[in-house]
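The block underneath contains the structure these notes are about, expressed in structure tokens.
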Amino acid sequence: MAGAAGPGTGPGAARGDGDDSLYPIAVLIDELRNEDVQLRLNSIKKLSTIALALGVERTRTELLPFLTDTIYDEDEVLLALAEQLGNFTGLVGGPDFAHCLLPPLESLATVEETVVRDKAVESLRQISQEHTPVALEAHFVPLVKRLASGDWFTSRTSACGLFSVCYPRASNAVKAEIRQHFRSLCSDDTPMVRRAAASKLGEFAKVLELDSVKSEIVPLFTNLASDEQDSVRLLAVEACVSIAQLLSQDDLEALVMPTLRQAAEDKSWRVRYMVADKFSELQKAVGPKITLNDLIPAFQNLLKDCEAEVRAAAAHKVKELCENLPTEGRETIIMNQILPFIKELVSDTNQHVKSALASVIMGLSTILGKENTIEHLLPLFLAQLKDECPEVRLNIISNLDCVNEVIGIRQLSQSLLPAIVELAEDAKWRVRLAIIEYMPLLAGQLGVEFFDEKLNSLCMAWLVDHVYAIREAATSNLMKLVQKFGTEWAQNTIVPKVLVMANDPNYLHRMTTLFCINALSEACGQEITTKQMLPIVLKMAGDQVANVRFNVAKSLQKIGPILDTDALQEEVKPVLQKLGQDEDMDVKYFAQEAISVLALA
Amino acid sequence: MRKKGSRLAPVTNPRRRCLVVRQVCKSSGQLEAQSPLDPGAARRRWRRDAERAECGRAKPEPERGRRSRAGSGRAEMPYKLKKEKEPPKLAKGTAKPSSSSKDGGGESTDESQPQPQPQPQPQPQPPSSNKRPSNSTPPPTQLSKIKYSGGPQIVKKERRQSSSRFNLSKNRELQKLPALKDSPTQEREELFIQKLRQCCVLFDFVSDPLSDLKFKEVKRAGLNEMVEYITHSRDVVTEAIYPEAVTMFSVNLFRTLPPSSNPTGAEFDPEEDEPTLEAAWPHLQLVYEFFLRFLESPDFQPNIAKKYIDQKFVLALLDLFDSEDPRERDFLKTILHRIYGKFLGLRAYIRRQINHIFYRFIYETEHHNGIAELLEILGSIINGFALPLKEEHKMFLIRVLLPLHKVKSLSVYHPQLAYCVVQFLEKESSLTEPVIVGLLKFWPKTHSPKEVMFLNELEEILDVIEPSEFSKVMEPLFRQLAKCVSSPHFQVAERALYYWNNEYIMSLISDNAARVLPIMFPALYRNSKSHWNKTIHGLIYNALKLFMEMNQKLFDDCTQQYKAEKQKGRFRMKEREEMWQKIEELARLNPQYPMFRAPPPLPPVYSMETETPTAEDIQLLKRTVETEAVQMLKDIKKEKVLLRRKSELPQDVYTIKALEAHKRAEEFLTASQEAL
């Protein structure tokens, strides 16, 4: 329908007849013929307006057939259409007429572009809920069947997502048919369809009767899990979680576990990765007994897998796995069956594995308790704090709070310091930024004395970093520190150092002073602000760099509300008025803005 | 990349470009003896544009002479005559209708009857036949995507190798066996089998490269010896050898490929990143080489081999095409091509599985390393398709090859893809319309380098288009070209404007001027002043001049029309707003209105154009066009190469050396002489 308009047929042609009720659809037809995709897209996005203008009946009898017939356009337009139609039930006359929306969505569900298809399926799922049971069997189920037996893989793929929404509300005879269709899609010729079916297997299993799950879903699952394509097999692992939740322990052992065991040792790393990635879900689904007998050994294998990807995925799950073990006997299991493998991973050759482990390992201390932590985990933490890869160190530092609760951070502080200093001076600014963000946390745990002694100078050094993002983070870091340690601490340690920078020869550093004042004034309160900060700000109004001057205006606007009226009228107002006459445009602008915001005019 | 600049030979009579240049090529002796086995043919074909222009310049005299003669009538355009290549139509009985299996992968066995295709004539063509140089081989995939320019950007990095971890064999202590040639003839088969079995032992090349050095050498020497043996001895591929050879190949090669490891941590970018090489290559290379020799041995009998080289084998082989190592993919390509050639029963299956790989690549992952190689194989398969084309093959063109244009990393496999598409069109011109409509549908909106690739491909298609097909697609086609000409990216605009130097395209436009000019004129006219790039101005004036010469009257009409339209344009915009306003009012009357509030009105469509000249009078325009176009021809003399500039990543000296050292088993895939 795109671009067929000749030079002669303008939108004006739509006005030919005087009948207002036909007008909207004529406009749409014209607009959808426009060469410009953007215009066509805009028209589709206003589809609901057109439907409203037409009223429900005309929407059903004219608009929808038009859309169904002329459905060829760019994917972008089709996507918008598929999305619109999902919310159209009210516009066609409510649930009784929801089935009118099926034909256009059916064709959209068969197009090649995945995004469009997925959106159409999503809308169909939404609409299915609005169907009455009768309409569902009369209109929706036949549509699913048509899609499921379509010639082209795209329609069969789309069908996979629709079974679970219509199954629960169908009659028994229809249910059998639906199951039959799903079965055949699971053994489809094309891997794309099998993948779609495998990814919906779990969802479908959930709405089935338990008998059918055992007699039909389990064989399908077993087949898909031993498919020739690893991309299908790995999706079966996902389905395994849902299926396992539905079955009793005995059935699980007999029907699912052989397949799961096989998946954990699959020759393709992608499947093993999937098992590792879904480990916690699997663990919960199969229950404690099978976990102990089967999953723990499988997990050990995953932790020493030959592919780093698999090891990293498994390492991520260490904490959750341990947490979810039954409390009774948990400690022994972890100490004997998990910890030895973790120790190996600390010196893994791959940095992603180490950093995955570092992000969760601290969590084990709460599970294992103080003594085990000191004896077994602490050496590992310390080793990771010295790791060559900054990400590993960062991950350890970011999780210090877990250890703090159990053994107190003092145990670590001597090793922490060199690690922090090194990260603070890392050549990569992103690493520096990351460590700054943990500073308030560290400060809280290490205490004010340790902080003053060891870390304060670092925090000040960041204020003059050559990367703006670091300076910015450093200012907000100061604010958080003041919130933690109180105004007195600020007055003694931070404020003087910040104010000294106001005389720095580098204008960027002078501006940092202003930014710090912006951040600190509120935390420090009226007295410090008026007595110590304000004079400095006012003095800087005479700076020779315009950027500094207009930042003075901005700062005054910011700290103004904290000051009392006297200070405002007598000190701030004259300065702002002077800046308001500045030769620089921006300075003038911000000064005037500050005057009006502070109501000093 | 072709040298576009060299095409700007003076354009006088646009009609006969293809014909003339082809003939000139023939007469200057450059393209004779086109046989499908001539490996130089493809290369020449890929430079054909440049060559045409060069020939044209070198021999202007014969060009002119022939042009006047050829201009006498359209009936025997050269591309008409290419149909001579078609095999005689088969009798109704043998040409079964194509099977209609689910997704285009027919299970039919009717394809297993090899149909002899008439050989393209090896003898020199008489000049009157005007046959297009037949491009019998697909363009080979580059081994290294990056041009190694040398200099400071080559660095020595930590050895970047990975290997799919094989299941290492437990017992890796190999005994050196006696040499085959030294042993008595009757014992050779047994010894050969022993050696093949010995080579099933797998070694570690990654975690400990120095392990088992002695035994690795035994295996390497054994493989080397067997390669020699199978190449130079007759009657050694006995029935007992087949299962052993296939097993040895499978054990060594069929493995799950390792995750792609990019040292920078980012996702592997097939267009720019260096591949990670296979660490076990010293052994793998020999295994591949042995297997290839095995397949190519004159003693090799597909009938016996088909018990072992079955669908499962092929599927595993296809999985390996995702290997990051270009050397491995190169071997795979040749091997699969041989298997396709020799195992007729597997052909439909192979095509279907390749389709599945493509679907997954297009619609699911957008990542696969072997697309170019697979397309290269398909190129040679398409080349051998019998006529009329089966429905299944047409579906392949429409549903697989065209959507392949959509993928982000198109540049990696575009030459091979374009070759496949053009092959199809040369076989059956009625496919031109769906192909062009498809290209227009997938036309890139924001990816300018990709747009240039599309323009390249489109020109190749136009080079072989039938005039009747051209008239079916020209309107949407030129609407797109009008957009390209107006592109703010000058390389896109420039590439599109180079079409005006293609005489055949100009002849097609000239024949349809009444419909093409009104579409193109506004874009050209508008940008003649407003485009930011000077080169584009010159090219636009050149294009306008050609139009002017084509049809003076029409040109004047277009100018008038343009001004009228421009006035109307503003009016229309206003009208549109009013229309929507009116609908909005109607909608407000509906009680449901508050529930379905339409999104706030979108901002007006953003337009790249700046204010355009309106008061230009036709005479002035013509004068400017004349002078500027002349100026243009002077300026354009300097050669211009359209190349996408890649980011200059440091390259690893080891990888470069390894790739340079790789010797292709076959430089070009010959067209499968099979009629499928």
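Each chain gets a letter, A, B and so on, in the order the sequences are listed, and its residues count up from 1.
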| task | Can you measure from CD (A/Gln229) to CD1 (B/Ile357) and round to the nearest 0.5 angstrom? | result | 8.0 Å
| What's the spacing between B/Tyr363 OH and A/Thr154 OG1 if we round to 0.5 Å? | 8.0 Å
| query | Which pair of heavy atoms, one from A/Glu307 and one from B/Pro259, lies closest together, and at what distance? | reply | OE1-CD, 3.2 Å
| message | Please determine whether the number of non-hydrogen atoms from other residues, nucleotides or ligands lying under 6.0 Å from atom CZ of A/Arg146 exceeds 12. | response | yes
| Value rounded to 0.5 Å, distance of CG in A/Asp75 from CZ in B/Phe442 | 6.5 Å
| task | Salt-bridge test for B/Lys441 and A/Glu74: reply yes if a basic N is under 4.0 Å from a carboxylate O, no otherwise. | result | no
| remark: Interatomic distance, NE2@B/His356 vs CZ@A/Arg194, rounded to 0.5 Å, equals 8.0 Å
| task | Please check if the side chain of B/Thr256 supplies one atom and the backbone of A/Trp269 the other of a donor-acceptor pair under 3.5 Å. | result | no
| Is it true that A/Glu113 and B/Lys406 have a side-chain N and a carboxylate O under 4.0 angstrom from each other? | yes
| In this structure, are over 12 heavy atoms from other groups packed under 6.0 Å from A/Glu57 atom CD? | no
| Pairwise distance OG1(A/Thr190) to CZ(B/Arg352) - rounded to 0.5 angstrom | 9.5 Å
| message | Other residues, nucleotides and ligands only: do more than 12 of their heavy atoms fall within 6.0 Å of CZ on B/Phe396? | response | yes
| message | Does atom CD (A/Glu344) have a neighbourhood of more than 12 heavy atoms from anything else shown, all under 6.0 Å? | response | no
| message | Can you classify the ring geometry of A/Phe153 versus B/Tyr359 as parallel (below 30°), tilted (30 to 60°) or perpendicular (above 60°)? | response | tilted
| task | Using non-hydrogen atoms and a 4.5 Å limit, figure out which bit of B/Pro476 sits close to chain A: side chain, backbone, both or neither. | result | neither
| said: Do the side chains of A/Arg195 and B/Glu364 get close enough for a salt bridge, i.e. N-O under 4.0 angstrom? | reply: yes
| request: Evaluate the criterion side-chain contact (heavy atoms from CB on, under 4.5 Å) for residue pair B/Glu584 and A/Lys46; output intermediate values, then yes/no. | output: CA-CA 10 Å; B/Glu584 190 77 26; A/Lys46 285 190 272 192; 5.5 Å; no
| request: Enter the distance from A/Asn42:CG to B/Trp580:CH2 here, rounded to the nearest 0.5 Å. | output: 8.5 Å
| task | Identify which part of B/Leu315 has an atom lying under 4.5 Å from any heavy atom of chain A, answering side chain, backbone, both or neither. | result | side chain
| task | Quick one: which of A/Glu112, A/Lys267, A/Met192 has the most heavy-atom pairs under 4.5 Å with chain B, could you say? | result | A/Glu112
| query | Given that the side chain runs from C-beta out, which part of B/Lys312 has a heavy atom under 4.5 Å from chain A: side chain, backbone, both or neither? | reply | neither
